[in-house]
Student: 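The structure that follows is given in the form of structure tokens.
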Amino acid sequence: MRKPLQLALCYLWILIASSLVGVFVCFQFFICTNFVAGQAEPISFQTIVHGFFEASPVVLLFLGMLVALYKVRHLGSPVLSAAVYAALCAATWLLLFPALLTARGAVYEKNGILDSGAQQANISGGYFRQLDGSIYYFLRDSDGQEADVILLNAEDVPSDEGGAIVRTLDVSEQSEFMKKAAPFRDPLIKESLETPSTPVFAVLVSAKRRALASWSAGIPAWLCFCTFGFALCSVYSFIHVSTWRLVNSFSIVCLEAFVLWGNALYFSPLFGRIRESLEESAAQSVGRWSAPLGNLGAELPPALLNLLLGIIIVVSGSVITVLRNRKD
């Protein structure tokens, strides 16, 4: 009974620690992406709250894997530990995750400014900024929509004007200047910092958006999304497939990445036609015997795929573990 209790306490410790790390990372990300040269970025409580609600869904996605990695070094009763782990994962996806999304929606609705993170700062004057081979010198702070600049070294500047011209530059949120500076607010900051890995962010953003969309669609849609959690948590079955802990940990991480990337790939434009075909077939098939469930056409194919994937991972890990124990 001691080991399962330790697992529950470890679960809480990992949840709290990873949430704090996630909030810190998101807070730093918001600060960097919204920072403008020459302007101090105040520490805002709203930014911290925003970081918590943006980081927590990602933390819950990886929570099962983190607990499984802990169990690689702290093996206990196989059946009892697995039962406690399954109960913790079920509580996470059926109770904690929905409660978090509900609180997120309530806070965001009450404080609309949180939807876009920190308050956007205007581009400051008195600095040179380079973008796509053109050099801009900002004469003064922008008003959020336009800025007076001296344009240098541009192909469209007539040579008889000495290669420089004063013009008004569009720096609104939808302008080409700001789009090319994305995800940062200031091109100067983009030059100084390396842009985050787009594929990794795309996978995490895709999973978070699916969670929000599924919860907004109702309980049946959320239960379908929970099969994604089942597939992620199924990596627990690989905690003891080898006598080498490094092999076990590597297998868990690889399987977790495979589930995440597989789901992101399914929802990518690359599989758009296949996805639409599966959703249409599912809606027609289910709608024949249950009209309300026919609305879940978009949720059922990935749910079935994740359920099948989770079962395959659990069975594979269990069989490998049993065969290894018999061999020993």
Student: Is a donor on one side and an acceptor on the other found under 3.5 Å between the side chain of Ser206 and the backbone of Val203?
Tutor: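 Between the backbone of Val203 and the side chain of Ser206 there is no qualifying donor-acceptor contact (under 3.5 Å).
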
Student: Given side chains that start at C-beta, do those of Cys233 and Trp93 come closer than 4.5 Å, heavy atoms only?
Tutor: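 Contact flag for Cys233/Trp93 side chains = yes.
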
Student: So Leu232 and Leu260, do their side chains get closer than 4.5 Å, heavy atoms only?
Tutor: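 They are in side-chain contact.
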
Student: Please check: side-chain N/O of Asn306 versus main-chain N/O of Thr227, any donor-acceptor pairing under 3.5 Å?
Tutor: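 Not confirmed, Asn306 side chain does not pair with Thr227 backbone.
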
Student: Using the rule that two of Ile, Leu, Val, Met, Phe, Trp, Tyr join whenever any of their side-chain heavy atoms come within less than 4.5 Å, decide whether Leu265 and Ile274 are in one cluster.
Tutor: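 Yes; tracing contacts between hydrophobic side chains, which count when under 4.5 Å, links both residues.
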
Student: Have Ser81 and Tyr236 got a donor and an acceptor in their side chains that come within less than 3.5 Å?
Tutor: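 Checked: Ser81/Tyr236 side chains show no N/O donor-acceptor pair below 3.5 Å.
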
Student: Does the side chain of Phe238 come within less than 4.5 Å of Val247's, by heavy atoms?
Tutor: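 SC-SC contact between Val247 and Phe238 ruled out.
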
Student: Is there a donor-acceptor contact under 3.5 Å from the side chain of Ser237 to the main chain of Ile313?
Tutor: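 The answer is yes, because a donor-acceptor pair under 3.5 Å joins these two groups.
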
Student: Is the backbone of Val315 close enough, under 3.5 Å, to the side chain of Ser318 for a donor and an acceptor to pair up by distance?
Tutor: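 Between the backbone of Val315 and the side chain of Ser318 there is no qualifying donor-acceptor contact (under 3.5 Å).
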
Student: Report, as yes or no, whether the 6.0 Å neighbourhood of atom CH2 on Trp13 holds more than 12 heavy atoms from other residues, nucleotides or ligands.
Tutor: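 Open.
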
Student: Determine yes or no for a side-chain-to-main-chain donor-acceptor pair under 3.5 angstrom, with Ser234 supplying the side chain and Ala231 the backbone.
Tutor: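 At least one qualifying donor-acceptor pair exists.
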
Student: Whether the side chain of Ser18 engages the backbone of Leu15 through a donor-acceptor N/O pair (distance < 3.5 Å, no angle test) should be reported.
Tutor: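 Side chain of Ser18 to backbone of Leu15: a pair is present.
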
Student: Is there a side-chain contact between Tyr11 and Thr92 in this structure, where contact means two heavy atoms from C-beta onward sitting under 4.5 Å apart?
Tutor: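 Counting from C-beta outward, Tyr11 and Thr92 do come under 4.5 Å.
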
Student: Closest heavy-atom contact between Gly317 and Thr321?
Tutor: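 Minimum heavy-atom separation between Gly317 and Thr321: O-OG1, 2.7 Å.
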
Student: Please confirm whether the backbone N or O of Gly64 pairs with a side-chain atom of Tyr85, one donor and one acceptor, at under 3.5 Å?
Tutor: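 The answer is yes, because a donor-acceptor pair under 3.5 Å joins these two groups.
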
Student: Side-chain heavy atoms nearer than 4.5 Å, only ILVMFWY residues, links allowed to pass through others: does that put Leu63 and Val25 together?
Tutor: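 In one cluster with Leu63: Val25, no.
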
Student: Are Val319 and Ile311 connected into the same hydrophobic cluster when the rule is that any two of I, L, V, M, F, W, Y join if their side-chain heavy atoms are below 4.5 Å apart?
Tutor: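 Yes, because Ile311 and Val319 connect within a single hydrophobic cluster, where side-chain heavy atoms sit under 4.5 Å apart.
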
Student: Got a second to check how far Asn248's CG is from Ile239's CD1, nearest 0.5 Å?
Tutor: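 That separation rounds to 8.0 Å.
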
Student: Any side-chain to backbone donor/acceptor pair from Trp215 onto Phe97? Under 3.5 Å, distance only.
Tutor: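 Checking the backbone N and O of Phe97 against the side chain of Trp215, no donor-acceptor pair under 3.5 Å is found.
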
Student: Would you say the rings of Tyr108 and His50 are close, in the sense that their centroids are separated by under 6.0 Å?
Tutor: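 Close enough - the centres of the two rings lie under 6.0 Å apart.
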
Student: Would you indicate whether the side-chain heavy atoms of Cys226 and Leu94 approach each other to under 4.5 Å?
Tutor: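 SC-SC contact between Leu94 and Cys226 confirmed.
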
Student: Any donor-acceptor pair under 3.5 Å linking the side chain of Arg104 with the backbone of Glu54?
Tutor: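 No: the side chain of Arg104 does not pair with the backbone of Glu54.
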
Student: Under 6.0 Å from the ring centre and within 45 degrees of the ring axis: does the NZ or CZ of Arg210 meet both conditions for the six-membered ring of Phe225?
Tutor: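 Verdict for Phe225: no cation-pi partner in Arg210.
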
